[in-house]
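Model, not experiment: these values are computed from the prediction. Throughout, protein chains are lettered first and strands after them, A, B, ... in sequence-line order, and every chain is numbered starting at 1.
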There are 2 protein chains.
Amino acid sequence: MSTTGMPDDATEVYRRYLGAVMLNGLAAARACGLGATDLYALNVLGATGPMTPGELSARTGLTTGPTTRLIDRLEQAGYVRRVPDPGDRRKVIVEQVGTPAELDEALAPARRKVAEVLQSYSPEQLDTLFDYFARATDAFRPG
Amino acid sequence: MSTTGMPDDATEVYRRYLGAVMLNGLAAARACGLGATDLYALNVLGATGPMTPGELSARTGLTTGPTTRLIDRLEQAGYVRRVPDPGDRRKVIVEQVGTPAELDEALAPARRKVAEVLQSYSPEQLDTLFDYFARATDAFRPG
DNA sequence: AGATTTATCTTCTCTGAGGAAGAGATTAGG
DNA sequence: CCTAATCTCTTCCTCAGAGAAGATAAATCT
């Protein structure tokens with residue numbers, strides 16, 4: 001792809017890879033009964049940390065009404081918890097409850113296979129890979 | 001994570017990375033007006049290649065009715081094309097029309113940043129990374 | 001050829017997620 | 001202290017998307 005400076009066949013490999021990651025994540029979400037927005041919100045919370053419903057609604061692009069019910073769903077499913085803001089009693093803080101266990105369970109088979117793949121690399125190669133993971137995470141951040 | 005043999009902090013880096021990839025993909029899909037199922041189906045088609053509506057319905061878990069309308073949506077949006085099966089005139093083959101341009105456009109900023117990250121690696125390191133991309137793609141395949 | 005099976009598409013219905021508007025509670029400012 | 005602004009939540013409405021059941025067309029089998 002000329003805009004990225006990557007050769008086309010490398011782009012294709014990478015595109016397929018991203019597609020596979022998405023596919024796996026969506027399938028796992030579906031297996032847990034999570035909608036796309038729910039998963040999106042969980043990812044936002046996981047990436048950015050606890051935040052108020054207002055912030056979450058800004059991040060997801062939802063208005064406040066649907067956001068309230070989004071949080072209701074996540075809370076009822078045990079993925080998230082509402083905590084009162086000590087400094088402002090109008091506010092609520094939404095925080096993840098540990099790591100979503102069901103979701104992790106659904107993602108486990110793929111992670112096991114990935115772990116197998118990773119075991120075939122040398123320590124230096126693993127350093128490279130994890131360096132990439134860390135830096136790509138920022139690259140994928142919105143904004 | 002003990003089930004994978006990965007150290008816990010490495011798992012966390014990796015989990016964040018996957019979350020970021022998902023987040024970016026979902027945001028891009030939303031920007032293109034694609035629903036979660038539509039995106040899922042496009043990913044299936046991209047990963048597996050052209051297939052009949054029946055196969056697609058099995059992959060997505062939808063019944064045949066919604067699958068027809070799913071394909072209608074994707075076709076109308078120009079992401080996909082229906083071709084008659086030459087060997088069986090009951091069948092239709094659904095195939096992607098090139099690479100979804102709008103989706104690619106929406107993903108471009110992230111890809112540019114990733115390309116920047118990738119430019120900092122040596123050729124040997126890039127070999128390692130792309131080897132991983134290719135093998136991880138299979139690891140993420142459902143089944 | 002006739003019957004059965006297979007594959008896709010159509011129609012109807014319904015659930016669920018999202019928007020709009022406003023209520024209730026709390027904080028900030030004059 | 002009283003008003004205005006802020007934050008969350010509630011209510012009502014709409015609509016896209018999914019299931020169920022059946023229609024249509026084509027292939028297969030006896």
Side-chain angles (χ1 to χ4, degrees), chain A residues 22-23 26-27 29-45 48-77 79-96, chain B residues 22-23 26-27 29-45 48-96 102:
Chain A
M22 286 292 296
L23 199 53
L26 285 172
R30 176 165 307 190
C32 299
L34 286 176
T37 306
D38 303 32
L39 179 63
Y40 189 94
L42 272 183
N43 276 328
V44 167
L45 284 169
T48 312
M51 64 184 67
T52 65
E55 276 177 80
L56 190 58
S57 103
R59 295 271 190 162
T60 56
L62 295 175
T63 56
T64 67
T67 301
T68 296
R69 287 179 314 232
L70 163 69
I71 300 170
D72 288 345
R73 286 196 300 273
L74 293 179
E75 194 174 34
Q76 197 157 12
Y79 292 126
V80 130
R81 171 172 55 189
R82 271 185 247 240
V83 188
D85 185 324
D88 187 337
R89 290 193 306 184
R90 290 169 306 177
K91 289 189 184 177
V92 168
I93 295 181
V94 183
E95 61 181 25
Q96 264 189 310
Chain B
M22 285 293 296
L23 202 52
L26 286 172
R30 175 165 307 192
C32 300
L34 286 176
T37 307
D38 302 33
L39 179 61
Y40 190 93
L42 272 183
N43 276 327
V44 166
L45 285 170
T48 312
M51 63 184 66
T52 66
E55 277 178 78
L56 190 57
S57 103
R59 296 271 191 164
T60 55
L62 296 174
T63 56
T64 66
T67 301
T68 296
R69 287 180 313 234
L70 163 69
I71 300 170
D72 288 345
R73 286 195 300 273
L74 293 179
E75 193 173 35
Q76 196 156 13
Y79 292 125
V80 131
R81 170 173 55 189
R82 271 184 246 241
V83 189
D85 184 325
D88 186 337
R89 289 193 306 184
R90 290 169 306 177
K91 290 189 184 178
V92 168
I93 296 181
V94 182
E95 61 179 28
Q96 265 190 309
E102 281 171 300

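Straight-line distance from the CG atom of Leu62(B) to the P atom of dA16(D): 17 Å, rounded to whole Å. Distance, Arg69(B) CZ to dC15(D) P: 17 Å, rounded to whole Å. One can place CG of Leu70(B) at 11 Å from P of dG19(D), the figure rounded to the nearest angstrom. Distance Asp72(B) CG to dA16(D) P: 14 Å, rounded to the nearest Å. Between Leu74(B) atom CG and dG17(D) atom C1' there is a gap of 13 Å when expressed in whole angstrom units.
Atom CG of Leu26(B) and atom CE of Met22(A) lie 4.5 Å apart (nearest 0.5 Å).
In plain terms, the two heavy atoms of Lys91(B) and Thr52(B) that are nearest each other are CD-CG2, 4.1 Å. Considering all non-hydrogen atoms of both residues, Cys32(A) and Tyr79(A) come closest at CB-OH, 3.6 Å. When all heavy atoms of Thr63(A) and Thr67(A) are compared, the closest pair comes out as O-OG1, 2.8 Å. Heavy-atom minimum distance, Val44(A) versus Met51(A): CG1-CE, 3.7 Å.
Remark on DNA chain C: of its neighbouring residues Gly61(A) and Thr64(A), the 5'-side contact belongs to Gly61(A), judged by nearest-heavy-atom nucleotide. Summary of the strand contacts: Ile71(A) and Arg30(A) both lie near DNA chain D, and taking for each the nucleotide with the nearest heavy atom, the more 5' one is attributed to Ile71(A).
Looking at heavy-atom distances under 4.0 Å, Thr37(A) makes contact with sugar-phosphate atoms alone, never a base. Base contact: Pro66(B) has a heavy atom under 4.0 Å from a base atom. Within 4.0 Å (heavy atoms only), Arg73(B) reaches sugar-phosphate atoms of the nucleic acid but no base atom. Among the protein residues, Thr52(B) comes within range of the sugar-phosphate backbone only, with heavy atoms under 4.0 Å from sugar or phosphate atoms but none that close to a base. Residue contacts shown for Gly65(B) include a base, since a base heavy atom lies under 4.0 Å away.
Protein chain B contacts DNA chain C over a range whose 5' and 3' limits, counting nucleotides with an atom under 4.0 angstrom from a non-hydrogen atom, are dT6(C) to dC12(C).
Side-chain N or O atoms of Arg59(A) include none that pairs as donor or acceptor with a backbone N or O of Thr48(A) at under 3.5 Å. No donor-acceptor distance shorter than 3.5 angstrom exists from the side chain of Arg73(B) to the backbone of Leu34(B), with no hydrogens or angles considered.
Of the residues in residues 83-92 of chain A, Arg90(A), Lys91(A), Val92(A) come within less than 4.0 Å of DNA chain D through at least one heavy atom, sorted by number.
Within the 4.5 Å cutoff, side-chain heavy atoms of Pro53(B) are placed close to those of Val94(B).
Salt-bridge check for Glu75(A) with Arg82(A): passed, with a basic side-chain N closer than 4.0 Å to an acidic carboxylate O.
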